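I have placed the structure first, in the form of structure tokens, so that the comments after it can refer back to it.
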Amino acid sequence: MLRAAADPLVVDLGYGAGPVTVLDLQRWLRRVRPDVRVVGLEIDPARVETARARTRHLPAPPEFAHGGFELSVPGGGSPVLVRAFNVLRQYPEAEVAAAWDLLRSRMAPGGLLVDGTCDEIGRRASWIAVDAGRGPLSLTVSVRLGGLQRPSDVAERLPKALIHRNVPGEGVHAWLQALDAAWARAAPLGTFGARQRWLATCREVAGDFPLLDSPARWRLGEVTVAWAAVAPAGGALSAG
Ligand SMILES: C[S@@+](CC[C@H](N)C(=O)[O-])C[C@H]1O[C@@H](n2cnc3c(N)ncnc32)[C@H](O)[C@@H]1O
């Protein structure tokens, strides 16, 4: 998607106290698209000043600007990719749909929003991929396999759209339960390492859930399931 984009504009929305994730994103995405333009947007103006001051010395620093869900980047443009990590978790669940709608309306056609949450050091993460045109596509769980007790350890790091839905009767609850059960059954494979155990877990749940990825991603401690399987009951956040 980024390779094919007419305007390779990417936004790290709500990047936080320092420029770290914006720099990281720029570094990785340049490998795919050397002319990528990465902009960090923050609703807190003091954080914009801090990020600018800390990156001024760099040869080609990312841009930083004051902004929010309306995605107003300096000079205009519609981002093809928006990363918003640990941002919507600060908002009430009832505001997620409107925030997604506003973000989607400002993104390039075919663009993707990554609405995610993680723990402080990124060992437990999850994110929802939201297509600008079609709405939510998938939920990805991504964990550091070493030291993982059970897949549902990620429950407390679910995005706001799902974190209150980890209760019986909801798809995301059934998903995490299925992962835990498969993980328990795959325990003997732990002898060969947590990665083999995770691969077996993913292979097993693939029989019952619409997975959208393959062993190449599972090997990294990830697994991605189609949104339809985990969307909150009631339909407020169904695919568009
Ligand atoms: C918990 S920090 C997350 C920082 C970083 N993204 C991370 O994952 O470590 C949340 C940040 O989002 C910013 N924020 C909250 N609402 C925002 C909005 N509507 N638009 C842009 N930034 C926002 C806050 O100012 C804060 O810096």
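Quick caveat: nothing in here was measured; it's all calculated off a predicted structure. In listed order, ligands and their atoms are each counted from 1. In this chain, numbering begins with 1 at the start of the sequence shown.
- With no hydrogens or angles considered, a side-chain donor-acceptor pair links Trp218 and Asp213 at under 3.5 Å.
- A donor atom on one side chain and an acceptor atom on the other are not found under 3.5 Å apart for Thr117 and Asn86.
- Atom 3 (C) of ligand 1 has its nearest heavy-atom neighbour, among Tyr91, Phe85, Phe69, in Phe85.
- Backbone and side-chain nitrogen or oxygen atoms of Gly14 are examined, and one is located within less than 3.5 angstrom of a nitrogen or oxygen of ligand 1.
- Residues satisfying the side-chain contact (heavy atoms from CB on, under 4.5 Å) criterion with Ala132, sequence neighbours excluded, are Met107.
- Among Leu41, Ile43, Leu103, the residue whose heavy atom sits closest to atom 14 (N) of ligand 1 is Ile43.
- Atoms of ligand 1 lying under 4.0 Å from any heavy atom of Arg47, numbered from 1 in the order shown and given with element: 26 (C), 27 (O).
- The aromatic rings of Trp100 and Trp227 stand perpendicular to each other, their planes meeting at an angle above 60°, with 30° marking the opposite boundary.
- At a threshold of 4.5 Å between non-hydrogen side-chain atoms, the residues Val82 and Leu71 count as touching.
- Against a heavy-atom cut-off of under 4.0 Å, Gly16 is close to the following atoms of ligand 1: 4 (C), 27 (O).
- At least one side-chain heavy atom of Thr55 sits less than 4.5 Å from a side-chain heavy atom of Phe64.
- In this structure, Gly67 counts as a contact residue of ligand 1, since one of its heavy atoms falls inside 4.0 Å of the ligand.
- Note on residues 186-208: pairs passing side-chain hydrogen bond (donor to acceptor under 3.5 Å, both in side chains), not counting sequence neighbours, are Arg185-Glu204.
- Contacts between Asp12 and ligand 1, counted as non-hydrogen atom pairs separated by less than 4.0 Å, are absent for every part of the residue.
- Counting only non-hydrogen atoms, the option in Gln90, His66, Arg83 that gets closest to atom 15 (C) of ligand 1 is Gln90.
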Inset, instruction - Decide side-chain contact (heavy atoms from CB on, under 4.5 Å) for Val225 and Leu212; before the verdict, give the C-alpha distance in whole Å, the side-chain angles of both, and the deciding distance to 0.1 Å. - result: CA-CA 6 Å; Val225 65; Leu212 299 182; over 6 Å; no
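- Scanning all heavy atoms of the two residues, the minimum distance from Val87 to Leu13 falls at CG2-O, 3.2 Å.
- Looking from atom 20 (N) of ligand 1 to the surrounding protein, the closest heavy atom is Gly68 CA, 3.2 Å.
- Applying the 4.0 Å criterion to heavy atoms of Asn86 picks out, from ligand 1, the atoms 1 (C), 2 (S), 3 (C), 7 (C), 8 (O), 10 (C).
- Atom 13 (C) of ligand 1 has as its closest protein heavy atom Glu42 OE2, 3.3 Å.
- Under a 4.0 Å heavy-atom criterion, Thr21 is not in contact with ligand 1.
- Which parts of ligand 1 touch Tyr15 is read off a 4.0 Å heavy-atom cut-off, strictly below it: atoms 4 (C), 5 (C), 6 (N).
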